[in-house]
> 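Take a look at the following structure, please.
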Protein chains: 2
Amino acid sequence: MASVFPLADLKASVKSDSRPGSRTDSWVDTIIKGDCVSALEALPSHSVDIIFADPPYNLQLGGTLHRPDQSLVDAVDDEWDQFASFEAYDAFTRAWLLACRRVLKPTGSIWVIGSYHNIFRVGATLQDLNFWILNDIIWRKTNPMPNFKGRRFQNAHETMIWASPSAKAKGYTFNYDALKAANEDVQMRSDWLFPICNGSERLKGEDGKKAHPTQKPEALLARVIMASTKPGDIVLDPFFGSGTTGAVAKRLGRHFVGIEREQDYIDAAAARIAAVEPLGKAELTVMTGKKAEVRVAFNVLVESGLIKPGQVLTDAKRRYSAIVRADGTVASGGEAGSIHRLGAKVQGLDACNGWTFWHFEDGQSLRPIDDLRSVIRSDLAKAE
Amino acid sequence: MASVFPLADLKASVKSDSRPGSRTDSWVDTIIKGDCVSALEALPSHSVDIIFADPPYNLQLGGTLHRPDQSLVDAVDDEWDQFASFEAYDAFTRAWLLACRRVLKPTGSIWVIGSYHNIFRVGATLQDLNFWILNDIIWRKTNPMPNFKGRRFQNAHETMIWASPSAKAKGYTFNYDALKAANEDVQMRSDWLFPICNGSERLKGEDGKKAHPTQKPEALLARVIMASTKPGDIVLDPFFGSGTTGAVAKRLGRHFVGIEREQDYIDAAAARIAAVEPLGKAELTVMTGKKAEVRVAFNVLVESGLIKPGQVLTDAKRRYSAIVRADGTVASGGEAGSIHRLGAKVQGLDACNGWTFWHFEDGQSLRPIDDLRSVIRSDLAKAE
DNA sequence: CGAATGATTGAATCGCCCT
DNA sequence: AAGGGCGATTCAATCATTC
């Protein structure tokens with residue numbers, strides 16, 4: 001059974017920060033010491049918003065290998081042994097992913113990072129467990145380790161899988177508009193370029209050696225968290241290690257939960273996170289697009305007098321026209337309906353966004369009726 | 001049982017070319033018509049040098065997809081890409097990979113290309129069958145299809161796995177020095193940049209429509225073949241399709257064997273290959289890929305810490321100011337957006353280059369944020 | 001004839017809310 | 001739970017057409 005590691009200083013520093021939603025649950029903003037699966041089983045169901053997992057990939061690290069029937073594996077180049085070790089890794093993967101799924105909200109999503117040693121097994125297991133892959137993301141390293149022997153290509157990337165808990169779970173957070181605005185106004189691609197973690201960001205022990213062998217760069221976690229969470233969300237990392245996930249989550253106004261077995265890593269991560277200063281609310285505001293705007297129905301424009309019954313609307317090229325009726329529908333050549341239905345109908349399409357399709361005369365020029373909706377919206381905003 | 005498709009013209013053109021090693025085997029430089037596994041079983045053991053496989057991806061598409069302009073996306077919904085379940089796909093994968101392994105020389109290697117829909121299953125099956133993964137290679141597309149609904153990252157890459165037939169098989173060909181020399185004297189990385197196959201390279205039917213839905217670019221195959229084969233080697237492609245593998249192999253002085261079920265694809269591939277002129281010995285230099293423009297988005301500055309959330313930017317004359325947010329957008333007086341959009345908005349213009357418009361405080365002076373981009377660029381340039 | 005503009009297209013697991 | 005209405009959503013490159 002896992003025990004909650006209290007981290008009094010950490011909690012204190014967390015409680016005083018600006019993160020929305022006061023979290024009084026004892027396990028939030030803590031590092032839980034213990035085995036990944038049993039620690040996960042001690043958490044409530046459907047309680048975290050995203051999971052970022054950086055699982056181990058080499059099961060043959062020292063020690064002897066046992067088959068599932070407990071017999072000792074005596075030769076590593078035996079075909080059956082290879083198979084057995086993959087099976088063991090798959091069983092491990094299955095166990096922690098199942099435990100993660102129970103803890104994850106239906107509106108949540110999971111990220112797993114790995115290399116070619118393990119990511120194919122992880123991906124296949126995710127699919128077997130009916131997780132629904134949203135993207136695979138390539139972290140391209142600016143400064144990867146060279147291939148010393150010159151027998152292969154330089155291994156210059158790692159792979160992340162982003163998945164929702166099921167094919168039907170479409171409520172996951174994806175801050176599409178913010179990512180696009182931040183990316184030169186084009187949508188963010190599946191290949192990301194970041195340096196590996198080194199220099200002052202890299203945690204060092206007292207001996208000056210790196211504190212953790214696979215510390216991930218904070219910039220990578222920042223993009224993951226900014227892309228797929230909202231401020232105040234809870235980010236779980238079942239393989240916490242040096243605590244990059246927690247440090248970035250705290251800085252970005254998200255809550256974290258870490259699970260880690262080794263006390264040395266817990267100590268390093270706790271000290272690291274305690275030193276993080278969370279950002280303020282204004283800095284953490286996420287840009288949203290039209291999808292997040294309040295709905296304004298077309299008849300509101302008619303009722304408010306911005307559009308008058310009897311007024312004629314046309315498309316931008318004046319190929320089609322329609323007359324506005326007092327009930328907020330529009331009519332054209334015997335057909336009538338919503339601005340969307342009629343727009344679709346006159347063009348012979350299945351669908352149409354009437355707000356951008358229909359235009360009204362404004363002096364010499366034509367302007368989309370969407371402009372008038374913005375007027376309504378800014379009025380509504382002022383009334384708040 | 002598969003039947004060898006003779007292709008007399010093709011053989012003739014092949015025999016007259018400059019490829020070393022006269023191949024008199026009837027199956028060399030032909031397209032075999034038939035099911036992949038039975039055709040493979042008809043070939044001699046340990047007879048081919050590399051295999052390039054582009055298996056069905058098992059896309060699981062929902063309904064139809066429309067672009068924002070309401071045009072229909074021509075999806076890959078062919079019968080050959082439909083599988084009843086993951087189990088069925090795994091069984092299929094296992095069968096053709098086992099058949100491939102028998103045909104592959106111990107000194108050979110295999111390449112498999114796929115997307116997140118299938119590549120994890122392929123990779124896990126390769127490992128289960130004791131293939132030894134040498135690299136996973138990312139094909140970054142310069143011009144991928146966008147994500148039309150804004151619900152995910154743009155799917156901008158595909159993944160290739162390169163593997164030898166066993167962990168002990170170290171005799172595979174890897175032209176390390178040639179690749180390095182062709183890559184400005186640095187090691188070739190695991191992420192490659194190529195455009196998708198388009199324009200005149202794309203095979204069209206008599207109706208002007210694409211002859212094959214998933215034709216791969218020749219440049220991609222050229223790098224694969226130049227990296228992992230020697231002149232005169234035999235390249236097998238068990239999912240021949242439009243014959244890109246054969247065309248590139250012939251052009252590069254390698255022999256090919258294709259397996260394909262559909263006569264239409266065979267006809268198109270045969271005509272295509274017959275028209276290929278093999279290169280002379282001196283011309284067989286390694287193809288270099290497209291050099292990426294080093295494109296740095298504003299969020300990279302924020303993620304890397306060069307610009308901090310909360311920091312204030314102004315124009316050169318301090319008439320306008322904006323605050324940087326953690327999501328990589330900037331905000332000013334209720335408005336928010338990309339550095340470009342907001343710069344335009346505050347000035348009342350249609351467009352604005354945010355990189356030169358917005359400045360940050362550097363001691364006593366103001367400097368354009370473009371200066372910080374050059375700092376990042378010199379780091380990132382290493383990966384391009 | 002060249003430049004500017006518009007149309008087409010590519011391996012795609014592509015919406016959300018209310019009734 | 002299924003169905004219907006609202007209304008949001010695209011990047012790079014190749015061709016075709018117009019100026």
Side-chain angles (χ1 to χ4, degrees), chain A residues 107 127 130-136 163-164 166-168 170-172 174 176-177 180 183-190 288-293 295-299 317 337-341 343-344 349-358 369-370 373, chain B residues 54-78 80-83 86 113-119 139 141-159 195-202 204 208-210 212-217 239 241 290 293:
Chain A
T107 56
Q127 291 179 315
N130 286 319
F131 282 89
W132 193 247
I133 298 180
L134 299 168
N135 280 112
D136 58 335
S164 66
S166 79
K168 281 178 281 188
K170 305 211 177 221
Y172 61 88
F174 181 55
Y176 175 80
D177 297 290
K180 182 175 171 177
N183 190 46
E184 300 287 288
D185 292 316
V186 293
Q187 54 184 212
M188 188 70 78
R189 295 168 46 111
S190 56
T288 55
K290 280 187 170 180
K291 281 175 182 163
E293 302 260 9
R295 288 234 169 167
V296 175
F298 181 65
N299 66 342
K317 296 186 176 172
S338 72
I339 51 172
H340 311 297
R341 286 275 126 245
L349 297 174
D350 285 339
C352 165
N353 182 345
W355 290 108
T356 49
F357 177 71
W358 294 112
I369 57 175
D370 201 28
R373 186 168 59 160
Chain B
D54 184 10
Y57 284 12
N58 190 25
L59 299 185
Q60 292 162 50
L61 307 176
T64 56
L65 180 66
H66 292 267
R67 298 187 176 82
D69 65 4
Q70 304 300 331
S71 63
L72 184 66
V73 174
D74 181 19
V76 178
D77 51 3
D78 303 70
W80 49 255
D81 199 45
Q82 307 299 319
F83 291 84
F86 285 133
I113 187 167
S115 67
Y116 66 83
H117 310 85
N118 71 322
I119 198 65
W139 168 29
K141 303 180 183 182
T142 58
N143 49 350
M145 190 181 296
N147 183 287
F148 295 113
K149 302 293 186 188
R151 294 293 297 144
R152 305 178 176 195
F153 297 93
Q154 182 183 28
N155 198 4
H157 72 275
E158 293 187 24
T159 301
I196 61 176
C197 181
N198 238 334
S200 58
E201 186 185 323
R202 187 94 195 205
K204 305 286 199 315
K209 301 282 182 188
K210 57 193 174 189
H212 190 278
T214 70
Q215 186 180 339
K216 296 292 177 288
F239 306 96
K290 176 166 173 167
E293 66 204 280

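In what follows, chains carry the letters A, B, and so on, assigned in the order in which the sequence lines appear, proteins first and then strands, with residues in each chain numbered from 1.
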> Among dG10(C), dG15(C), dA11(C), find the nucleotide with the atom closest to the side chain of Thr214(B).
dA11(C)
> Under 4.0 Å between a Lys/Arg side-chain N and an Asp/Glu carboxylate O for Asp74(B) and Lys210(B)?
yes
> Go through the N and O atoms of the side chain of Glu201(B) and the base of dT14(D), and report whether any donor-acceptor pair is under 3.5 Å.
no
> With no angle test and no hydrogens, is the base of dG10(C) tied to the side chain of Arg67(B) by a donor-acceptor pair under 3.5 Å?
yes
> Find which nucleotide of DNA chain C each of Asn198(B) and Lys149(B) is nearest to by heavy atoms, and output the residue with the more 5' nucleotide.
Asn198(B)
> In whole Å, I'd like the distance from the CG atom of Asn143(B) to the C1' atom of dA11(C).
13 Å
> Roughly, in whole Å, what's the span from CZ in Arg189(A) to P in dA12(D)?
8 Å
> Of the listed nucleotides (dG7(D), dT9(C), dC14(C)), which one gets closest to any side-chain atom of Ser71(B)?
dT9(C)
> Between dA7(C) and dT10(D), how far apart are the two C1' atoms, rounded to whole Å?
14 Å
> For Phe153(B) and Tyr176(A), I'd like to know if the aromatic rings sit close, meaning centre-to-centre distance below 6.0 Å.
no
> I want to verify a distance call: between dG10(C), dA8(D), dA11(C), whose nearest atom is closest to the Asp74(B) side chain?
dG10(C)
> Side chain of His340(A), heavy atoms from C-beta onward: which of dA11(C), dC11(D), dC6(D) has the nearest atom to it?
dC6(D)
> Can you figure out which of dC11(D), dA11(C), dA8(D) approaches the side chain of Trp80(B) most closely?
dA11(C)
> Calculate the interatomic distance between Leu72(B) atom CG and dA7(C) atom P; express it in whole Å.
18 Å
> Would you measure the distance from the C1' atom in dC1(C) across to the matching atom in dT17(D) and give it in whole Å?
15 Å
> Measure CG/Leu61(B) against C1'/dG10(C) and give the value in whole Å, please.
14 Å
> For dA12(D), take OP1 and OP2 only and decide whether either is under 4.0 Å from a side-chain N or O of Thr142(B).
no
> What is the distance, to the nearest angstrom, from the OH atom on Tyr176(A) to the P atom on dT9(D)?
8 Å
> Suppose you measure atom C1' in dA12(C) against the same atom in dT9(D); what distance do you get, rounded to whole Å?
14 Å
> Between Asp370(A) and Lys290(A), is there a side-chain N and carboxylate O pair less than 4.0 Å apart?
yes
> Nearest whole Å is fine: how far is dA12(D) C1' from Asn147(B) CG?
16 Å
> Which nucleotide in the set dA11(C), dA12(C), dT9(D) lies at the smallest distance from any side-chain heavy atom of Asp54(B)?
dA11(C)
> Identify whether the distance between the nearest side-chain nitrogen and carboxylate oxygen of Asp177(A) and Lys180(A) falls below 4.0 Å.
no
> Want to settle it: does Asp185(A) or Arg295(A) sit nearer the 5' end of DNA chain D, counting the closest nucleotide to each?
Arg295(A)
> Can you tell me how far the OH atom of Tyr57(B) sits from the CH2 atom of Trp80(B), to the nearest 0.5 Å?
9.0 Å
> In whole angstrom, give me the gap between the P atoms of dA11(C) and dC6(D).
36 Å
> Pro68(B) has a side chain; which of dC16(C), dT10(D), dG7(D) sits nearest to it?
dT10(D)
> Of all the nucleotides listed (dA8(D), dA11(C), dC11(D)), which has the minimum atom distance to the side chain of Glu158(B)?
dA11(C)
> Can you run through DNA chain C from 5' to 3' and write each base as (, ), [, ], | or . depending on how it pairs? Watson-Crick or G-U wobble, both distances under 3.5 Å.
.|||||||||....|||||
> With nearest nucleotides of DNA chain D determined for Phe298(A) and Lys180(A) from heavy-atom distances, which residue corresponds to the more 5′ nucleotide?
Phe298(A)
> Of the candidate nucleotides dA12(D), dA8(D), dA11(C), which contains the atom at the shortest distance from the side chain of Arg373(A)?
dA8(D)
> For the CZ atom of Arg152(B) and the CG atom of Leu134(A), what is their distance to the nearest 0.5 Å?
5.0 Å
> According to a strict under-4.0 Å criterion, is Arg151(B) in side-chain N/O contact with OP1 or OP2 of dA8(D)?
no
> Rounded to the nearest 0.5 Å, what separates atom CD1 in Ile196(B) from atom CD in Gln215(B)?
11.0 Å
> dC16(C) phosphate, OP1 or OP2: any side-chain N/O from Lys170(A) under 4.0 angstrom?
no
> Flag the pair Lys141(B) and Glu158(B) as a salt bridge only when some basic side-chain nitrogen lies within less than 4.0 angstrom of an acidic carboxylate oxygen.
yes
> To the side chain of Asp177(A), which of dC6(D), dT8(C), dT9(D) is closest?
dT9(D)
> Check the distance between dA12(C)'s C1' and Asn135(A)'s CG and give it to me in whole angstrom.
11 Å
> Between the base of dA11(C) and the side chain of Lys216(B), is there any donor-acceptor pair under 3.5 Å?
yes
